[in-house]
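To start, the structure under review is shown below, and the notes come after it.
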Amino acid sequence: MKKFFSLVLTTLILIASVNFVQAAEKKSDKVKFNAKLLKKTELVESSARDEMIVLINENIRDVTIFGKATATEAQMVNYIRKHNPKAKLNCSIEEIVDIYYEEAGREGIRPDIALCQAIKETGFWNYGGDVDPKQNNFCGLGATGNKEPGASFDTPQIGARAHIQHLLSYTSTNPPKTAIVDPRYIFIVRFKPEVFGKIKTWAGLGGVWAMPGIHYGEDIVNLWRKALVPGGDDDSMTAAEIKLEENPNDPAAYVYRGLVNYNRGEFSKAQEDLQKASDIEPLNSDILFNLAIAQEKNKNFDGAIRTYGKFLEMNPKSEVGFYNRGRIKLAQNKFEEAIGDFEKTLELESRFVDAKNNIAVCHFKQKRYEDALNEIRAAAEINTTDEIVQENKKNLEACLKK
């Protein structure tokens, strides 16, 4: 019996010793920071997705791939330059716009929206994924993930032509009017009868062009709607006043003037116009989205949060809605609520790098520095070219003890 108890005691001592060693090793592996450097460091938040959108007279899911341009070439040039004046192109911004209007126009595809698909795929030609700018691959042809860069084309013109031809394979059974340069065109024709020539709307590309492609086409259409937003110049204001004079009860007219006021920096007036539009059409989520943006700019933060709440009730899969609301909560130091919204954003779009960066900012402000470091490193892997993310990573890693 004594031998049995002795054996049990020895076993317990060994288990305790192993646990102690493991705990010590875990403690020694813990990331350590220089407290003095941390006090001098701040992480930069990623900005809001605060571009407003015009109202259109059709459901965004019904916007067709075929048709004429609504936006002018000048509008598209300005839209691209506003987001990325240093677009990683092997030609000028003016030239790429002209190329798309030529190539898409020849095939009857809407060139302004085709450009918006290229904008979505390349991040306004910032890239940052598997495709290199040198490839002139503007729509991710053959880039299937796992470091697969996809197809390469000799010139921007050929790259744009391949993009348009690939769209044509989904949209029409008629062959392209130029020699085929899309390496996937014949594959679609021969092996994808369920989609060849059958997709007529941009929304129809979801789950076909992009996998899983949740609201992929709708995102493209919304980029186009942002490109159509009027400026803050006097001519735009005159046009807005005429619209309201002719249609005093039309919410679209109030939205139009609200957008002009917003772009003139008249945020209070913009909020008033958009609130009137929402009063007329309270279940229009596009109006609510615009209104929430104007409310935030007008420093009506609680109002913006309530408006985003209404918007998200109608659009529970809007990653941008959760992201923007999270940013306001972060500004109010409601860190856990903000993290909840950013995590919801990432559930809907796992590569939404701005949400991951802002989670890191929340953790940093909570003094959860190791969690902040893990998040910012993950964000830096998602997008290797995002300047804010890379700078945050650099600054936080500089605080590590040597």
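In what follows, residues are counted from 1 in the order of the sequence shown.
Judged by the 6.0 Å distance and 45° axis criteria, Lys243 is positioned over the aromatic ring of Tyr256. The cationic atom of Arg325 (NZ for Lys, CZ for Arg) does not lie both less than 6.0 Å from the six-membered ring centre of Phe322 and within 45° of the ring axis. Figure legend: cation-pi geometry between Arg61 and Trp202 absent, as NZ or CZ is not positioned both under 6.0 Å from the six-membered ring centre and within 45° of its axis.
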Item checked: Lys344/Glu347 under salt bridge (Lys or Arg N to Asp or Glu O under 4.0 Å): CA gap, chis, key distance, verdict -> CA-CA 5 Å; Lys344 185 64 179 177; Glu347 284 178 25; 3.6 Å; yes
Check: Where do Glu73 and Asp112 land on the side chain to side chain contact (heavy atoms under 4.5 Å, CB included) test, with the steps shown first?
Finding: CA-CA 8 Å; Glu73 290 192 41; Asp112 46 355; over 6 Å; no
Check: How far apart are the C-alpha atoms of Glu349 and Tyr323, what are their side-chain angles, what is the distance that settles it, and do they pass the side chain to side chain contact (heavy atoms under 4.5 Å, CB included) test?
Finding: CA-CA 11 Å; Glu349 176 50 74; Tyr323 172 76; over 6 Å; no
Next item on the list: Check step by step if ring pair (Phe, Tyr, Trp, His ring centres under 6.0 Å) holds for Tyr170 and Phe196.
Entry: CA-CA 5 Å; Tyr170 286 94; Phe196 173 51; 9.5 Å; no
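Between Glu102 and Arg106 there is a salt bridge, with a side-chain nitrogen of the basic residue lying less than 4.0 Å from a carboxylate oxygen of the acidic one. Between Lys177 and Glu107 there is no salt bridge, since none of the side-chain N atoms of the basic residue sits less than 4.0 Å from a carboxylate O of the acidic one. Ion pair Glu397/Lys393 flagged as a salt bridge, since at least one NZ, NE, NH1 or NH2 atom sits closer than 4.0 Å to an Asp/Glu carboxylate oxygen. For Arg81 and Glu94, the salt-bridge test passes: some basic side-chain N is under 4.0 Å from an acidic carboxylate O. Electrostatic pairing of Arg327 and Asp341 does not count as a salt bridge here, judged by no charged N lying under 4.0 Å from a carboxylate O. Between Glu45 and Lys329 there is no salt bridge, since no side-chain nitrogen of the basic residue lies less than 4.0 Å from a carboxylate oxygen of the acidic one.
Within a 6.0 Å radius of NZ in Lys200, more than 12 heavy atoms belonging to other residues, nucleotides or ligands are found. The 12-atom threshold is not exceeded at NZ of Lys317, counting heavy atoms of other residues, nucleotides or ligands nearer than 6.0 Å. Residue Glu387 qualifies as open at atom CD: its count of foreign heavy atoms under 6.0 Å is 12 or below. Within a 6.0 Å sphere centred on NZ of Lys120, other residues, nucleotides and ligands contribute more than 12 heavy atoms. Within 6.0 Å of the NZ atom in Lys269, the count of heavy atoms belonging to other residues, nucleotides or ligands does not exceed 12. Heavy-atom contacts from other residues, nucleotides or ligands closer than 6.0 Å to NZ of Lys226 number more than 12. Heavy-atom contacts from other residues, nucleotides or ligands closer than 6.0 Å to CD of Glu58 number more than 12.
In summary, the side chains of Ser236 and Asp234 do not present any donor paired with an acceptor at a separation below 3.5 Å, with no hydrogens or angles considered. The closest side-chain donor-acceptor pair between Thr384 and Gln390, if any, does not fall under 3.5 angstrom.
When the side chain to side chain donor-acceptor pair (under 3.5 Å) test is applied to Thr307, the partners found at least two apart in sequence or on another chain are Gln295.
Using a distance-only test at 3.5 Å, with no hydrogens or angles considered, no donor-acceptor pair links the side chain of His163 to the main chain of Ile158. At distances below 3.5 Å, at least one donor-acceptor pair connects side-chain atoms of Gln135 with backbone N or O atoms of Ala151. For Asn84 (side chain) and Phe124 (main-chain N/O), a donor-acceptor pair under 3.5 Å exists by modelled atom type. The main-chain N or O of Thr72 is found under 3.5 Å from a side-chain atom of Gln75 such that the two form a donor-acceptor pair. Under a 3.5 Å cut-off, the side chain of Asp182 and the backbone N or O of Arg184 do form a donor-acceptor pair. Of the possible polar contacts, none joining the Asn247 side chain to the Asp250 backbone as a donor-acceptor pair under 3.5 Å is found. Formation of a donor-acceptor pair under 3.5 Å by the Asn315 side chain with backbone atoms of Ser318 is not found in this model. No donor-acceptor pair under 3.5 Å is formed between the side chain of Asn392 and the backbone N or O of Leu43. A distance-only check finds a donor-acceptor pair linking the side chain of Asn126 to the backbone of Gly123 [under 3.5 Å]. Between the side chain of Asn357 and the backbone N or O of Val44 there is at least one donor-acceptor pair closer than 3.5 Å.
Val260 places none of its side-chain heavy atoms less than 4.5 Å from the side chain of Glu266. Contact annotation: the side chain of Tyr101 approaches that of Leu115 to within less than 4.5 Å [non-hydrogen atoms, C-beta and beyond]. Contact check for Phe138 versus Ile119: no side-chain heavy atoms found under the 4.5 Å cut-off. Two residues are said to be in side-chain contact when any heavy atoms from C-beta on lie closer than 4.5 Å; Tyr308 and Leu288 fail this criterion.
To the nearest 0.5 Å, the span separating CG on Asp371 from NE2 on His363 amounts to 5.0 Å.
Contact detail for Ser46 and Asp354: the closest heavy-atom pair is OG-OD1, 3.4 Å. Across all non-hydrogen atoms, the minimal contact from Leu291 to Ser278 is CD2-CB, 4.4 Å.
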